[in-house]
**Q** 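I'd like to ask some things about the structure below.
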2 protein chains.
Amino acid sequence: MEGARPFAGTIERLREVGLRPTRQRLALARLLFDGADRHVTAEMLHSEALTAGIKVSLATIYNTLHQFTRAGILRQVVVDPTRAYFDTNTDEHHHFFVEASGTLEDIPGERVRVTDIPAPPEGTEITRVDVIVRLKPRG
Amino acid sequence: MEGARPFAGTIERLREVGLRPTRQRLALARLLFDGADRHVTAEMLHSEALTAGIKVSLATIYNTLHQFTRAGILRQVVVDPTRAYFDTNTDEHHHFFVEASGTLEDIPGERVRVTDIPAPPEGTEITRVDVIVRLKPRG
DNA sequence: GTGTTTGCAAAGTGTTTGCAATTTA
DNA sequence: TAAATTGCAAACACTTTGCAAACAC
């Protein structure tokens with residue numbers, strides 16, 4: 001017999017962040033977190049789920065992505081004004097983005113260094129520094 | 001009498017970048033480029049134009065913003081997945097962004113330094129490096 | 001005059017919402 | 001059973017497009 005409680009870790013993880021481990025959330029969490037870090041849009045995750053035989057509505061995909069983001073197990077990446085990308089890597093890191101193809105790729109966090117950021121405007125504080133290295137196919 | 005050819009510079013500038021200096025383009029260019037650098041959305045520029053008594057449709061605002069961007073006299077800034085911001089400052093520089101209020105502000109280019117960017121993926125080259133310093137009101 | 005630009009209204013995207021039916025605990 | 005979650009369809013916000021009328025040269 002194969003592993004007895006294959007989803008136990010995922011279930012616990014969802015519980016830990018205060019989300020009921022429903023069938024949909026479990027299935028989506030498995031797609032997102034089993035394996036390497038990934039970057040997905042709602043549409044991508046939806047069709048992937050359908051292909052995998054998971055019955056989920058697009059509305060639930062959006063809800064889930066936002067719930068996961070609020071819970072801190074996903075992070076939103078703003079690179080394209082028309083699409084919202086979500087990143088399963090929530091550590092500090094930055095991105096390569098190929099505008100032509102919509103391809104998003106991590107740059108490991110330790111490599112890029114941002115220095116000499118001036119003090120933020122009065123009454124505000126820094127929540128995050130995002131570096132986006134925009135790329136084009138070499139002609 | 002006040003300045004005799006107040007728009008002459010703007011007319012020339014549009015001609016230089018290959019755009020006919022139509023009434024609408026001229027008026028929008030004046031709103032955008034007379035004065036300090038600014039960050040606008042289509043909606044902001046549209047209502048500003050109407051307030052200033054300039055009759056322009058929203059469709060023309062969008063067309064014009066994109067034409068100006070293609071012509072290199074505007075630059076698009078991606079910070080918010082729901083809104084497209086345009087920046088009249090086309091020099092190399094980065095941004096402060098207050099998510100709560102949608103406020104976008106330049107960081108002078110020379111101050112921020114980004115180092116140790118790894119080589120981009122095979123077959124691509126860097127077009128631009130964007131740094132977005134996200135802020136929140138200090139509670 | 002000829003080609004460009006404009007404005008309208010309609011169509012398109014991607015995303016969010018209201019609410020009844022379902023599921024979880 | 002009580003509270004949370006889901007799915008659908010309708011509503012949304014922002015942006016783009018098609019095409020006839022208006023304009024620049």
Side-chain angles (χ1 to χ4, degrees), chain A residues 7-8 10-29 31 39-50 53-71 73-74 76-86 99 102 104, chain B residues 7-8 10-29 31 39-50 53-71 73-74 76-86 99 102 104:
Chain A
F7 307 159
T10 306
I11 290 181
E12 279 166 21
R13 189 166 188 199
L14 291 179
R15 283 229 172 82
E16 274 167 22
V17 299
L19 294 172
R20 281 191 186 179
T22 64
R23 171 160 52 267
Q24 291 86 337
R25 283 186 189 145
L26 259 170
L28 295 176
L31 285 179
H39 301 96
V40 299
T41 63
E43 205 56 67
M44 283 165 60
L45 185 58
H46 189 218
S47 59
E48 191 177 334
L50 296 187
I54 301 159
K55 256 199 75 187
V56 212
S57 72
L58 189 52
T60 296
I61 298 279
Y62 277 106
N63 287 337
T64 303
L65 287 172
H66 287 135
Q67 289 154 356
F68 284 7
T69 301
R70 246 178 279 128
I73 61 179
L74 275 186
Q76 209 178 340
V77 186
V78 182
V79 283
D80 182 329
T82 70
R83 240 179 289 280
Y85 284 82
F86 293 84
E99 325 215 22
L104 192 59
Chain B
F7 305 160
T10 306
I11 290 181
E12 279 166 20
R13 190 165 189 197
L14 290 179
R15 283 229 172 81
E16 274 167 22
V17 299
L19 294 171
R20 280 194 187 175
T22 63
R23 171 162 52 267
Q24 290 86 337
R25 282 187 189 145
L26 259 170
L28 295 177
L31 285 179
H39 301 95
V40 300
T41 63
E43 205 57 68
M44 284 165 58
L45 186 58
H46 188 219
S47 57
E48 191 177 332
L50 296 186
I54 302 157
K55 260 198 73 187
V56 212
S57 73
L58 189 53
T60 298
I61 298 279
Y62 277 105
N63 287 339
T64 303
L65 287 173
H66 287 134
Q67 289 155 355
F68 283 9
T69 300
R70 245 179 280 127
I73 60 179
L74 274 186
Q76 211 179 337
V77 185
V78 182
V79 283
D80 182 329
T82 70
R83 240 180 287 282
Y85 283 84
F86 293 84
E99 327 216 21
L104 192 58

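Just so it is clear: chains get the letters A, B, ... in the order the sequence lines come, proteins before strands, and each one is counted from 1.
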**Q** Applying side-chain contact (heavy atoms from CB on, under 4.5 Å) between Glu43(B) and each of Val40(B), Thr41(B), Leu45(B), report the one that passes.
**A**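 Output: one option passes, namely Thr41(B).
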**Q** As a test of your reading of the structure, name each stem of DNA chain D as range with range, where a stem is three or more consecutive Watson-Crick or G-U pairs at under 3.5 Å.
**A**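 So the stems come out as C:1-25 with D:1-25.
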**Q** For residues 54-61 of chain B, tabulate all N or O donor-acceptor pairs below 3.5 Å that involve a side-chain atom, not counting sequence neighbours.
**A**
from: Ser57(B); atom 1: OG; to: Thr60(B); atom 2: N; distance (Å): 3.2
from: Ser57(B); atom 1: OG; to: Thr60(B); atom 2: OG1; distance (Å): 3.1

**Q** Once side chain to side chain donor-acceptor pair (under 3.5 Å) is applied, do any residues pair with Glu48(A), and if so which ones, sequence neighbours excluded?
**A**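 For Glu48(A), the residues satisfying side chain to side chain donor-acceptor pair (under 3.5 Å) (neighbours in sequence not counted) are Arg38(A).
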**Q** With a 4.5 Å heavy-atom cut-off, do Gln24(B) and Thr64(B) have their side chains touching?
**A**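 Of all side-chain heavy-atom pairs linking Thr64(B) with Gln24(B), none is under 4.5 Å.
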**Q** Show your working on side-chain contact (heavy atoms from CB on, under 4.5 Å) between Leu19(A) and Phe68(A) and close with a plain yes or no.
**A** CA-CA 9 Å; Leu19(A) 294 172; Phe68(A) 284 7; 3.7 Å; yes
**Q** Between protein and nucleotides 10-17 of chain C, map the contacts as a letter string: B base, S sugar-phosphate only, - none, heavy atoms under 4.0 Å, written 5' to 3'.
**A** ----SBBB
**Q** Please identify each residue that fulfils side-chain contact (heavy atoms from CB on, under 4.5 Å) with Val79(A), with sequence neighbours left out.
**A**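 Checked Val79(A) against side-chain contact (heavy atoms from CB on, under 4.5 Å); matches are Val77(A), Tyr85(A), Phe97(A), Leu104(A), Ile132(A).
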**Q** Among residues at least two apart in sequence or on other chains, which ones pass side chain to side chain donor-acceptor pair (under 3.5 Å) with Gln67(B)?
**A**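 Gln67(B) satisfies side chain to side chain donor-acceptor pair (under 3.5 Å) with Arg25(B) once adjacent residues are dropped.
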**Q** With a 4.0 Å heavy-atom cut-off, tell me which residues in residues 15-23 of chain B come close to DNA chain D, sorted by residue number.
**A**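 Close to the strand are Arg15(B), Arg20(B), Pro21(B), Arg23(B).
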**Q** Please enumerate all residues that pass ring-ring contact (aromatic ring centres under 6.0 Å, His included) together with Phe86(A), with sequence neighbours excluded.
**A**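 Expected list: His66(A).
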**Q** Is any side-chain heavy atom of Glu12(B) less than 4.5 Å from a side-chain heavy atom of Pro21(B)?
**A**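 No, side chains not in contact.
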**Q** Among all residues two or more places apart in sequence or in another chain, which pass the ring-ring contact (aromatic ring centres under 6.0 Å, His included) test with His46(A)?
**A**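 Partners of His46(A) under the ring-ring contact (aromatic ring centres under 6.0 Å, His included) test: none.
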**Q** What residues form a salt bridge (Lys or Arg N to Asp or Glu O under 4.0 Å) with Glu99(A), not counting sequence neighbours?
**A**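 Scan of Glu99(A) (salt bridge (Lys or Arg N to Asp or Glu O under 4.0 Å), adjacent residues dropped) gives Arg134(A).
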**Q** Please list, chain by chain and in numerical order, all residues satisfying salt bridge (Lys or Arg N to Asp or Glu O under 4.0 Å) with Arg83(B), sequence neighbours excluded.
**A**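 By the salt bridge (Lys or Arg N to Asp or Glu O under 4.0 Å) rule, Arg83(B) matches Asp80(B).
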**Q** Please list, in 5' to 3' order, the outermost nucleotides of DNA chain D lying under 4.0 Å from any heavy atom of chain B.
**A**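 Answer, 5' to 3': dC14(D) to dC25(D).
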